[in-house]
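Shown next, in structure tokens, is the structure this report addresses.
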Amino acid sequence: MEDFDDPKTIKYLTDVMQHNGHNNPAFEHDGKNGSLENEEKSPKKEKKGPTAMVGYLELFHFADSLDKLLMVVGLISAMASGTGLPLMIIVFGEMTDAFVQSGIPQNGTSDVNISVSDCTQVGSIDIETEMTRYAYYFVGIGAAVFVLSSVQVWTFLLSATRQSHRIRQKFFKAVLHQDMSWFDANQIGTLNNRLTEDINTIHEGLGDKICIFVQYLSTFVAGIVIGFVHGWKLTLVILSVSPLLGISAMVWTKLLTSFTIKELAAYAKAGAVAEEVLTAIRTVVAFNGQEKALAKYNGNLIAAKTVGIKKSITTNTSMGITQLFIFGAYALAFWYGTKLTIDEPVDYTIGRVLIVFFSILIGTFSLGQAAPNVESISNARGAAYEVYKIINKHRPIDSSSEDGHKPDRLVGQIEFKNIHFIYPSRPDSKILKGLNLKVKAGKTIALVGSSGCGKSTTIQLLQRFYDPQDGMVTLDGHDIRTLNVKWLRENIGVVSQEPILFGTTIKENIRYGRENVTDEEIITATKEANAYDFISKLPDTFNTMVGERGAQLSGGQKQRIAIARALVRNPKILLLDEATSALDTQSESVVQSALDKARAGRTTIVIAHRLSTIRTADVIAGFHNGVVVEQGTHDDLMNKQGVYYSLVTLQNYGKQIDEGDEETEEEGDEFYYEIDDEEDDNNDDLQEVVTPDPSGMEIMRRDTLRRSSKRKHKKSKRKSKSKADVEKPAEVEENLPNVSLGRILALNSPELGYIIMGVIAAAISGGIYPTFAVIFGKVIGAFSETDLDKKSRQTILLSLMFLALGVISLVVYVVMGFSFGISGENLTLRLRHLSFKALLRQEIGFFDDHANAVGVLLTRLATDASQVKGATGSRMGLMTMTVCTLLTAIIIAFVHGWQLTLLILACIPFLIGANFIRMKSMAGHASKDQKALEEAGRISTEAVENIRTVVSLTREPTFYEQYNQSLEGPYKDALKKAPIYGITYAVSQSLNFFVNAAVFRFGAWLIAHCYMGFENVFIVFSTIMFAAMNVGQSTSLAPDFGKAKVSSQRIMKLLDRKPTIDSYSEEGDSLSSFEGNLEFKEVKFVYPTRPKVMVLQGLNVKVSKGQTLALVGSSGCGKSTSVQLLERFYDPLDGQVFADGFDTKSLNLKWLRSQMGIVSQEPMLFDCSIAENIQYGVIGKQVTHEEIEEAARAANIHNFIDDLPDKYNTRVGDKGAQLSGGQKQRIAIARALIRKPKVLLLDEATSALDTESEKVVQQALDDARQGRTCVVIAHRLSTVQNADIIAVIQNGRVVEQGTHSQLLAKQGAYYALVNSQVTH
């Protein structure tokens, strides 16, 4: 068996190597390098020296007693099963002696292969009985190994699954409960990768890798012990080579680790870029920023590629060197062994030599095999470092803790005493500088002041998102730091400026306000928030899905749902941060009255830029530079003529106040485009609805009753349908195109030369092992030579041949590493680049689809490309190697003895089968696991991206629950799979023992009956065995192939997808001069994700060059939609949009977009400097600093920027988080102005600003409008009075248009809107 053994060892070695070599890095690592490791982590790491890791035992920090028991059982089994091989070697060695005895003729002639006729007298022993005995030994050892291996793998997988499940939960929980300053410092994308990639890495390192490592370790110890017992001299000689092997392995691991870290860091940066771009896709498209985004993404990929190539070359070189040392060891051992059998024939027989040689070899090899396992354990320790650090991090403000006082009743006295505050992420700018402010219980206090003066900060301090550096906030006299955090937040209702809704139904969103809320309470709350009407008109009413971040609803609708969510908590303290800024006039007055109702008996803090909304406040506090400079009622402050007075006068200036009846009749168009034509005029309450008709007359509609019943019926049908819609994405997902291998290879065609070179090298390396097996058989044959001189001559020659094989394999490996490294890394780069490029060219409708949520797309970008790599170059190399090995082996075997060859070939299917089963059980679950984790990823992304909302609603437990539920499925599957893995592993470990028993027993019979000489038995056996090992090991790469196939299908599906509006297309005309005449003609439109809802129902409106067109109307009537059609984010279903008389579909898309500047309601900024953000407006042209400043001045932000420590180089943070709403908005305006557009689109551009900034920005916008066509959407009608045309939109069509004075004279829809706004 020895040879078998040896093959085994070798197999292992090749296994390891190959595993590690082309295949794995391609795989294991690459899988990880998706993990967008923390950006901040990489620099941090470099400081620390190599990489920060947790200790070995600390890795099991989260194991419970059952896990520990399982692991102990596993370790004991592993130690025992590790001794199987060395024991087999002893049997093998004694057996070889028996064979050799059979080959030495009694009469001294050395003719080994004797003809059958004079068969009887050869050999001095009865070979058959001897062999039967050895066969039983083999079977016994095999059975024991089977049982032990299955136990060890099963126990470890079980405990690893349980631990990683626990770590996932704890980590997500820990992230949810960190304080805000921690989120300011960490990037969102990196956290999600920690949750997925890093924890998968930890799971790898906790699992069967450990017990397999121990198994190899015990094999090593047993091997060395047996070696010394059977022949210490030879043992020492052979061991002299091992330090070399050990050192080379160490050096190699070191290099690999450092390359891996660098690679991860580069991919992490690329991932962060992708996340930012995809989140802000509308902005990127509007500014034609795709090229720029791609370039930035590529920059990071190229860095990763160079590291990847180095990694591949290093790995393969080290494999080659190892092979060289091993063949060197063979040469040395056989030469010295022969010498010993001649010099000390008593102590050393050939069997002895083989036992020593193989037990040592297996021993040292098993160390080599243990190495990749150590590597995945150390990868796990590295990943665990950051993860455990976050889990164990001391959380100064922890909403999950039970500590802190929970008063029985809350009155609601709030006081801020001498507060000094700096955001931890911006230590150089001080926000609050000694703030003192008292709020009496049940009273309303309004905070006013210009953008960035610390108003919102005050509210954040009250919710304990941060703690002040100095001073204290008290509630009913208690310092809030002494109160229980969760209790405190539960008693506060918050409605903020940009309300965040979660991707679930309206009802669930409101339920986030309070867990045990009843449906009645939900309905009451929506009525109070004036949201009930529009919700009840939606096809699915309260069960309507709101889309990612509430994207399916208009600003006003989101805001009202957020208000309902706050009211349903029935809070003692209400914080309204600009709660009505995003609403149109009509909704605003109603919501305002709802808020006034809600304020009764509650302590309320209001921040508003629109001062008319806060006149009724009990106290108004004027902020300036982080302190309160004045407070009092509206009248007091007007008399003081201080900050407040100047703000009010600024705001009233230019407002035309037409006192009139306040008509706040909620109109039928109040809902957001969600209603079919026939339904858009009825309310769900079966009553007669009164709607002011455009002409000003009121029409009673009496067909409501009839229609309503019809509608109820439709609704129930639709409900069942929409449920199906929700579940559909999963099935759609699997509908992947079939991708031929050829198509993937075609992508790799530029590297064809390298691939061919690699394949040739692989073919040569395929021949190495069969050749080795022949030499090996000859060496054993040489021992039956009785002429001593001849014997030593033969062995010296054969030893040198071993050495030559070593040199060849070194060369071959280096060539393979180099060529497959280059081809593989280039392919990965190309695929990532193409996928990202393809994503950026998709139309906006693609991103609206739930199946393409940002989180899902990011996960794919990170993993798919690196998985495809496994299907190309290096894989072809392996296949070539396998085929060559098999062919050579089978030919050699048949030449040397066909009978035995047939028997062995009959056993091979079993060996291959074992490997195949093992691989199948792994591959089947790959896609299922990923699916489930994608769902978990979606939940975690949503929670972490909107962490402030989650925290202020104290809904961390809810998200934690959802997250756990999404993990439940994969967790249970994993527990079921553990025993199956165990058994398949055991089968593949123990089959060899049984095969050996059969082969040698039959071989003995053939020798006894003179069909074969014993040397040939060895040659046949070793060639086939080696070949089988090689094949078995390459098939074990199939799971990678399975994943690679799915991934390549996904990538191809994306690359083949033809967007309906292609951002890259060069087709269409670019007009030489563009004047800016725009027209909508009979435009009808539905959003692709909601085909049932007609948003625009025949919109007609035109604007000539240089004119300003203002679109007004209540939320959801299609105003923003029309702007999106101008930008061609979508195309109309019917009708046309014209620019200068040309249908926009016929114009070149990039050119069209470059003619427009857009400023939207929630501006998206990128995480780079202010200057770069402004420059984003003119991509592709060089811009001077003067031009940037000029744009900033025009947007009235220059002075603010100039006061910052880094001026224009100040970073704005993730999504612009370091700036206030008004500051972000002004930067966005500067970004639009710097392109000097012909058409300016302003979608609520000033709604988020406070009065002071608004006046100035409004001024800036008015200046910017000169000589340009301008389309303005505004809820605040005072901002559009001087527009050339005002168009009032209802139900997706224009009901009236004209100038401000013409429309007022008509006393129609516009008049009603104006009246409802000028309440005071």
Side-chain angles (χ1 to χ4, degrees), residues 1-13 82-101 134 137-138 141 216-246 325-369 772-773 775-784 791-792 794-796 798-799 802-803 996 1000 1014 1018 1021-1022:
M1 162 342 341
E2 120 356 343
D3 58 301
F4 147 54
D5 222 311
D6 147 10
K8 172 129 185 168
T9 58
I10 302 273
K11 151 205 175 168
Y12 273 140
L13 182 86
T83 56
L85 274 179
L87 288 176
M88 178 152 124
I89 290 170
I90 298 180
V91 177
F92 185 72
E94 294 180 354
M95 193 178 75
T96 311
D97 272 346
F99 269 131
V100 172
Q101 290 298 306
Y134 291 128
Y137 287 153
F138 278 143
I141 297 174
Y216 288 138
L217 202 62
S218 86
T219 306
F220 165 71
V221 175
I224 302 290
V225 170
I226 291 173
F228 275 106
V229 171
H230 284 77
W232 61 270
K233 280 189 186 172
L234 186 54
T235 305
L236 289 175
V237 171
I238 300 174
L239 282 179
S240 64
V241 184
S242 352
L244 286 175
L245 282 175
F325 288 155
I326 288 166
F327 282 120
Y330 287 150
L332 183 66
F334 283 117
W335 167 76
Y336 186 64
T338 321
K339 192 168 161 340
L340 284 176
T341 52
I342 296 172
D343 299 351
E344 311 177 16
V346 184
D347 293 336
Y348 288 93
T349 60
I350 172 64
R352 270 278 167 96
V353 171
L354 289 180
I355 289 177
V356 172
F357 178 64
F358 279 117
S359 52
I360 299 296
L361 206 65
I362 281 207
T364 44
F365 267 166
S366 46
L367 266 189
Q369 271 160 272
F772 167 77
I775 300 175
F776 181 71
K778 297 272 183 220
V779 169
I780 292 177
F783 277 89
S784 62
K791 190 184 202 171
S792 55
Q794 271 184 319
T795 44
I796 287 172
L798 294 170
S799 304
F802 277 141
L803 205 54
N996 282 348
F1000 285 111
F1014 83 94
F1018 273 103
F1021 178 75
S1022 44

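In this structure, K791 has no side-chain hydrogen bond (donor to acceptor under 3.5 Å, both in side chains) partners at least two apart in sequence or on a different chain. Legend: residues meeting side-chain hydrogen bond (donor to acceptor under 3.5 Å, both in side chains) with Y137, ordered by chain and number and at least two apart, are R133. Scanning for side chain to side chain contact (heavy atoms under 4.5 Å, CB included) contacts around L803 gives an empty result, with sequence neighbours left out. Listed by chain and residue number, Y330, F334, F772 satisfy the ring-ring contact (aromatic ring centres under 6.0 Å, His included) test with F802 (two or more places apart in sequence, or in another chain).
The aromatic rings of F358 and F776 stand perpendicular to each other, their planes meeting at an angle above 60°, with 30° marking the opposite boundary.
Atom OG1 of residue T338 and atom CD of residue Q794 lie 10.0 Å apart, to the nearest 0.5 angstrom. Within the model, atoms OH of Y336 and CG of L234 stand 7.5 Å from one another, a figure rounded to the nearest 0.5 Å. With rounding to the nearest 0.5 Å, the separation of OH in Y216 from CG in L85 is 9.0 Å. Here CD1 of I360 is found 4.5 Å from OG1 of T235. Values are rounded to the nearest 0.5 Å.
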Practice prompt. Check the pair Y348, I342 against side-chain contact (heavy atoms from CB on, under 4.5 Å), reporting the backbone distance first and the verdict last.
Written response: CA-CA 8 Å; Y348 288 93; I342 296 172; over 6 Å; no
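Residues S240 and L332 meet the side-chain proximity criterion, which asks for heavy atoms closer than 4.5 Å. Annotation: side chain of T219 is in contact with side chain of P86 (closest heavy-atom distance under 4.5 Å). Residues T795 and K339 are not in side-chain contact: their nearest non-hydrogen atoms beyond the backbone lie 4.5 Å or more apart. Residues I89 and I226 are not in side-chain contact: their nearest non-hydrogen atoms beyond the backbone lie 4.5 Å or more apart.
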With a cut-off of 3.5 Å and sequence neighbours excluded, list every side-chain donor-acceptor pair involving residues 349-356.
from, atom 1, to, atom 2, distance (Å)
T349, OG1, D97, OD1, 3.3
T349, OG1, D97, OD2, 2.9
T349, OG1, G351, N, 3.4
T349, OG1, R352, N, 3.2
R352, NH1, D347, O, 3.1

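The list of salt bridge (charged side-chain N to carboxylate O under 4.0 Å, His left out) pairs with a residue in residues 225-246, not counting sequence neighbours, reads K233-E344.
Closest of all the heavy-atom pairs between A331 and S799 is CB-O, 3.2 Å.
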